[in-house]
Amino acid sequence: MKFFIDTANLEQIKEAQALGVLDGVTTNPSLMAKEGITGAANILNHYATICSLVDGDVSAEVIATDYDGMVAQGEELAKLHDQIVVKLPMTQDGIKACKYFSSKGIKTNVTLVFSAGQALLAAKAGATYVSPFIGRLDDISTDGLILIQEIRQIYDNYGFQTQILAASVRHTMHIVNCAKIGADVMTGPLSAILGLLKHPLTDSGLAQFLLDYQKGNS
């Protein structure tokens with residue numbers, strides 16, 4: 001399973017990269033705004049900076065909602081760096097744009113996916129990644145993990161190469177459960193990734209080892 005971090009915060013990206021398990025980054029307009037990154041030129045520069053910090057794919061989202069606008073913005077984003085993945089919304093024009101970019105060999109990430117049917121369309125259009133938002137489904141009392149299972153079954157049935165990118169990951173067990181059911185990628189906050197490190201028996205065991213060492217060397 002690939003680990004992406006879902007942020008535009010450079011320090012968090014650096015920390016995840018230093019951990020040695022980071023495979024990529026996802027961002028969106030909300031995350032950019034959270035970091036105070038506004039204006040087209042500043043956003044493009046920020047994407048380029050992120051690409052310089054990591055080795056893997058960096059999803060950069062279009063703002064346009066019409067086909068021509070998505071194509072124009074996506075082409076501009078793709079020119080920034082080979083690592084850029086053009087992030088497109090799950091809409092009719094978004095799927096058309098996905099097909100356009102996939103025919104040009106440009107990587108895409110179809111986002112805001114909430115049903116297996118939407119994921120099927122994205123795969124048919126040649127999406128590199130499809131992003132089902134499991135946390136937002138959980139928020140409305142729907143099990144987001146079931147959606148991951150449905151998409152996995154459909155993709156395996158027909159040999160689709162589109163990678164399932166579990167998005168809106170909120171906590172550590174989201175990551176573990178997505179890994180169990182075959183998500184190709186997860187993207188979430190740094191806190192969820194670091195949460196995988198934690199176990200009380202690890203802490204107590206290490207404390208005992210250190211105590212025993214000190215006794216033996218006192």
> Given a cutoff of under 4.5 Å between side-chain heavy atoms of I, L, V, M, F, W and Y, with clusters grown through shared members, what are the other residues clustered with V185?
Replying inline: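 Answer for V185: F4, V85, Y129, L165.
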
> Apart from L206 itself, which Ile, Leu, Val, Met, Phe, Trp or Tyr residues share its cluster (side-chain heavy atoms under 4.5 Å, direct or through members)?
Replying inline: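 Grouped by the 4.5 Å side-chain rule, L210 form the rest of the cluster around L206.
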
> Would the number of heavy atoms belonging to other residues, nucleotides or ligands and lying under 6.0 Å from CG of D203 be above 12?
Replying inline: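 Counting other residues, nucleotides and ligands, CG of D203 exceeds 12 neighbours.
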
> Are more than 12 heavy atoms from other residues, nucleotides or ligands located less than 6.0 Å from atom CD of Q149?
Replying inline: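 Above 12, so yes.
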
Any non-hydrogen side-chain atom of [X] less than 4.5 Å from a side-chain atom of [Y]?
| X | Y | answer |
| --- | --- | --- |
| I63 | P29 | yes |
| S131 | I164 | no |
| E15 | L190 | yes |
| K180 | V176 | yes |

> Quick one: does T108's side chain have a donor or acceptor within less than 3.5 Å of a partner on K87's backbone?
Replying inline: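 Pair absent, no side-chain N/O of T108 close to backbone of K87.
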
Do NZ/NE/NH1/NH2 and the carboxylate oxygens of [X] and [Y] come within less than 4.0 Å?
| X | Y | answer |
| --- | --- | --- |
| K14 | E11 | yes |
| D6 | R170 | no |
| K107 | D57 | yes |

>> Is a donor from one side chain sitting under 3.5 angstrom from an acceptor on the other, for E75 and Y100?
In response: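 There is such a pair (donor and acceptor under 3.5 Å, judged by atom type) between the side chains of E75 and Y100.
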
>> Side chains of N28 and E61 only: does a donor on one sit below 3.5 Å from an acceptor on the other?
In response: no

